[in-house]
Amino acid sequence: MPDPTNAQIAAALDELGDLYELDGAIVHRVVAYREGARAVRDASVSVAGLAREGRAIELPGIGKTLQEKIVTLIDTGAIPSAQRLREKFPAGLVDIVHAVPGMGPKRVRALYDGLGIDSIEALEAATAAHEVRKLRGFGAKAEETIAAALAAAAERGPEGQRRTILSRALAIGEPIAAALRDHPAADRVELAGSARRLADSVKDLDLIATANDPLALARALHEIPAVQSVGTVSEAGARGVTHTGLKIDLKIVAPDQFGNLLQHFTGSKAHNMQLREAAVRRGLHVSEYGVLDDETGETLRCPTEEAVYERLGYAWIPPELREGRGELEASARGALPPLIDTADIRGDLHSHTTASDGKATLEEMARAALVRGYEYLAVTDHSATHGFGNEVSPGDLRRHMERVRALDARLDGIRLLAGSEVNVLPDGSLDYDDDLLAQLDWVVASVHTSFRIGEAAMTERMVRATEHPLVDAIGHPTGRKIERRDSYPVDIGAVIEAAARTGTMLEINAAPDRRDLDDVQARAAAQAGVRILVNSDAHSTGNFELMRWGVATARRAWLTAGDVANTRPWAAFDALRKRKPAPA
DNA sequence: GCCGTTTTCGGCCCGACTGTTTTCAGTCG
């Protein structure tokens, strides 16, 4: 049996936290399980491997007990205390806590003990029969609130729980922020929250503003075409919903507290908790309203974020790093990495043309890359069996290579690589012969089919492709689609190890619904010594702009320009390649 | 359950909102 992945271990610890919470454990114990789960999820190496060596306790938030429970999970496939609690509490109780807003573990437990409510369906029946209001601690109002929450959850369905991917959220949120900024009543307007941290997806948009006429600015939200409706409006701000269903929360604050509010609402929750815990140890209390000093009893209000961090002994931290993954310690030490920027990118090693499923011709793509200032572009149309039509037969590929090289010869200022995005077959072999692959300048190997072959087989498949001497890089290594599809089961740690060992590059695919590798995986790969690529996977000339989302993930992975291979000038990039440079 | 410039016990981030048990617990972000 393969080791559980970090995600699986984290899920087990989260479940244990949920169960202990239902069991009435003190909140700090529950929080400890959640923190442990987060530490495992964010770990850059296999936690199963660490635990086996007794080293999981090196992760912040993992102590002796959790270390032992993880080992038991690895050895037996289960944690005994979880099994015992599962027998005590039906799974429906956890379902209610997760699915019904306002229903936490305490109230769910009360309904279970008092009325035997053990599922969402049973809760619906009990509210309809007005049984809930009879229970001590609940009233008519509570029953109505629960019924409304249940109806809303049913209305939304599982789809409604989805978060909005970052590119869509910013396409809506950035123009809204700009429109508010242009309003005569506005002074400052900034997007906060996970949108500002450039997370994979966002739940809602938080806007923090200062204004010379707060009420006028709050009213202005309603005038923006993207905004469908606005609720209560006051000098403190307004709440609204866009036509796409994205919630907007505009908060208008005094200029001398703008820094406190922006810092607070940028988050993340984990970052803010760590920030405050560290502050408490030094007699300071941080909230969205200021920094309270125990000694003087005075609250420092900060007009800028820089002032907040400075008061607490930190250099300003880029929002992309504020995930509680060591950024506070690094900031205090003056050791924050100089993060990569989109302007650092000098070439794109994954693009498509009309030869396969791209929308633009070879020449259009090459000229667009040149205009963008790139020094090199790999043209990597799909191979024979990628599964979506437009396949390039071996004969087609030979002719395509000739066209790429002919264009390269007559186009100054950019080097074109005749490449291919070669499909990795289920057994790990590639769907062109080695003879043909050897004639190419660049090969990206990607999995596009047969996702459900199981973790062991998928890992073997990808490691084999990674070890192939003619594979320069692995494309979108996990196959995830943000908010739509999980990664196929694969031991990405084994792929990272193989890539580091063989000098194969791993891609951060910049397509906004992919961003694959993700931030945690890319950080782990870079730490393991893997050369990272950030590639647009452009299928049109406009798609080169997608590089932005890949760079966002690279920044969230703590990557510098030096960690990313395609920030190099051509000669330096060429020297990093696994395959011998093509003859000139 | 974790953790230590309060080191092996006794704490553990902060504030808003809601409704009910009427003085505060539960939930959320």
Side-chain angles (χ1 to χ4, degrees), chain A residues 13-14 16-40 56-70 79 81-82 96-111 114 132-146 148-149 163 192-194 197 202-206 208 232 234 236-237 239 247 249 251 253 257 260-261 263-292 294 299 308 312-313 324 328 332:
Chain A
L13 297 181
D14 270 331
L16 208 39
D18 288 339
L19 290 167
Y20 276 128
E21 198 169 31
L22 282 170
D23 202 32
I26 62 159
V27 62
H28 301 111
R29 190 164 164 223
V30 175
V31 167
Y33 277 96
R34 304 248 160 89
E35 280 295 296
R38 207 183 62 84
V40 170
I57 53 168
E58 292 171 16
L59 297 171
I62 303 286
K64 197 159 164 285
T65 305
L66 262 55
Q67 150 83 34
E68 283 169 10
K69 292 197 178 196
I70 293 169
I79 301 173
S81 49
I96 297 172
V97 173
H98 288 169
V100 187
M103 293 300 291
K106 294 289 197 305
R107 306 180 83 204
V108 167
R109 178 69 191 277
L111 289 168
V132 171
R133 64 179 64 191
K134 296 177 192 161
L135 195 64
R136 187 175 163 77
F138 295 80
K141 191 86 185 178
E143 190 177 82
E144 286 165 23
T145 309
I146 293 168
R163 296 161 61 96
S194 44
R197 301 198 311 278
V202 309
K203 191 158 68 79
D204 45 33
L205 293 172
D206 293 308
I208 311 296
T232 53
S234 75
R239 288 182 176 199
K247 290 199 181 78
D249 195 351
K251 288 183 174 54
V253 305
Q257 285 183 315
N260 302 104
L261 268 289
Q263 193 284 323
H264 174 81
F265 282 100
T266 296
S268 64
K269 182 176 177 167
H271 174 84
N272 284 353
M273 283 177 65
Q274 292 179 8
L275 184 81
R276 290 167 182 183
E277 280 166 12
V280 167
R281 289 197 284 275
R282 297 160 51 202
L284 300 171
H285 301 271
V286 183
S287 81
E288 58 264 56
Y289 305 113
V291 181
L292 169 67
D294 272 344
T299 299
V308 177
L312 300 171
L328 289 166

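- Remark: B:dT8 base-pairs with no nucleotide in the shown strands. Criterion, Watson-Crick or G-U wobble with two distances under 3.5 Å.
- In this structure, the side chains of A:Q67 and A:I57 come closer than 4.5 Å at one or more pairs of heavy atoms.
- Checking the phosphate oxygens (OP1, OP2) of B:dG29, a side-chain nitrogen or oxygen of A:K203 falls inside 4.0 Å.
- Rounding to whole angstrom units, CG of residue A:L284 and P of B:dT6 are separated by 13 Å.
- B:dT7 sits 14 Å from B:dC12 when the P atoms are compared, rounded to a whole Å.
- Nearest nucleotide to the side chain of A:P105, out of B:dG19, B:dT27, B:dC12: B:dT27.
- With B:dG19, B:dG1, B:dT27 as the candidates, the nucleotide lying closest to the side chain of A:R107 is B:dT27.
- Rounded to whole Å, the distance from CD on A:E277 to C1' on B:dC3 is 10 Å.
- Side-chain contact check for A:T65 versus A:E68: every heavy-atom pair is 4.5 Å or farther apart.
- Looking only at side-chain heavy atoms (C-beta outward), A:F138 and A:L111 come within less than 4.5 Å of each other.
- Nucleic acid contact for A:H285: sugar-phosphate only, since backbone atoms but no base atoms lie under 4.0 Å from a heavy atom of the residue.
- Under 4.0 angstrom from either OP1 or OP2 of B:dT18 there lies no side-chain N or O belonging to A:T145.
- The residues A:R38 and A:E35 are annotated as salt-bridged, a charged nitrogen and a carboxylate oxygen being separated by less than 4.0 angstrom.
- DNA chain B is contacted by both A:D206 and A:A32; A:A32 maps to the nucleotide lying nearer its 5′ end (nearest heavy atom per residue).
- Each of A:G102 and A:E143 was matched to the nucleotide of DNA chain B holding its nearest heavy atom; the match closer to the 5' end belongs to A:E143.
- Closest to the side chain of A:V280, out of B:dG1, B:dC13, B:dT21, is B:dC13.
- Here B:dG29 is the nucleotide among B:dG29, B:dG1, B:dG26 with the atom lying nearest to any side-chain atom of A:K269.
- Across all strands shown, A:G63 has heavy atoms under 4.0 Å from sugar-phosphate atoms exclusively, and none from any base.
- A:I62 comes within 4.0 angstrom of the backbone, heavy atoms only, and of no base.
- Across the P atoms, B:dT21 and B:dC17 are found 22 Å apart, a figure rounded to whole Å.
- Among the nucleotides B:dT27, B:dT20, B:dC2, the one closest to the side chain of A:K141 is B:dT20.
- Residue contacts shown for A:V31 are absent, as no nucleic acid heavy atom lies under 4.0 Å away.
- The gap from the C1' atom of B:dC2 to that of B:dT8 amounts to 12 Å, rounded to the nearest Å.
- Here B:dG1 presents its C1' atom at 7 Å from CZ of A:R29, a figure rounded to the nearest Å.
- When the C1' atom is compared between B:dG11 and B:dA16, the two are found 25 Å apart, to the nearest whole Å.
- If you measure from atom CD1 of A:I146 to atom P of B:dT18, you get 16 Å, rounded to the nearest angstrom.
- Side-chain atoms of A:A142 lie closest to B:dT20 of the nucleotides B:dT20, B:dG1, B:dG15.
- Contact annotation: A:R276 does not reach the phosphate of B:dC13 (side-chain N/O to OP1 or OP2, under 4.0 Å).
- Using a 4.5 Å heavy-atom cutoff, the side chains of A:T299 and A:V291 are not in contact.
- The nucleotide whose nearest atom lies closest to any side-chain atom of A:Y289 is, among B:dA16, B:dG19, B:dC2, B:dA16.
- Rounded to whole Å, the separation between the C1' atoms of B:dT18 and B:dT23 comes to 14 Å.
- Using a 4.5 Å heavy-atom cutoff, the side chains of A:H264 and A:N272 are in contact.
- Rounded to a whole Å, the CG atom of A:L205 is 15 Å from the C1' atom of B:dG29.
- Between A:G17 and A:V30, the shortest heavy-atom distance links the atoms O-CG1, 3.6 Å.
- One can place CG of A:L292 at 15 Å from P of B:dC13, the figure rounded to the nearest angstrom.
- To the nearest angstrom, C1' of B:dG1 lies 13 Å from CZ of A:R34.
- Between the C1' atoms of B:dC13 and B:dT20, the separation comes to 27 Å (whole Å).
- Rounded to whole angstrom, the span from the NZ atom of A:K134 across to the P atom of B:dT21 amounts to 16 Å.
- Taking side-chain N and O atoms only, A:H28 has no distance below 4.0 Å to OP1 or OP2 of B:dG11.
- The A:T65 side chain lies nearest to B:dG1 when the options are B:dG1, B:dG15, B:dT20.
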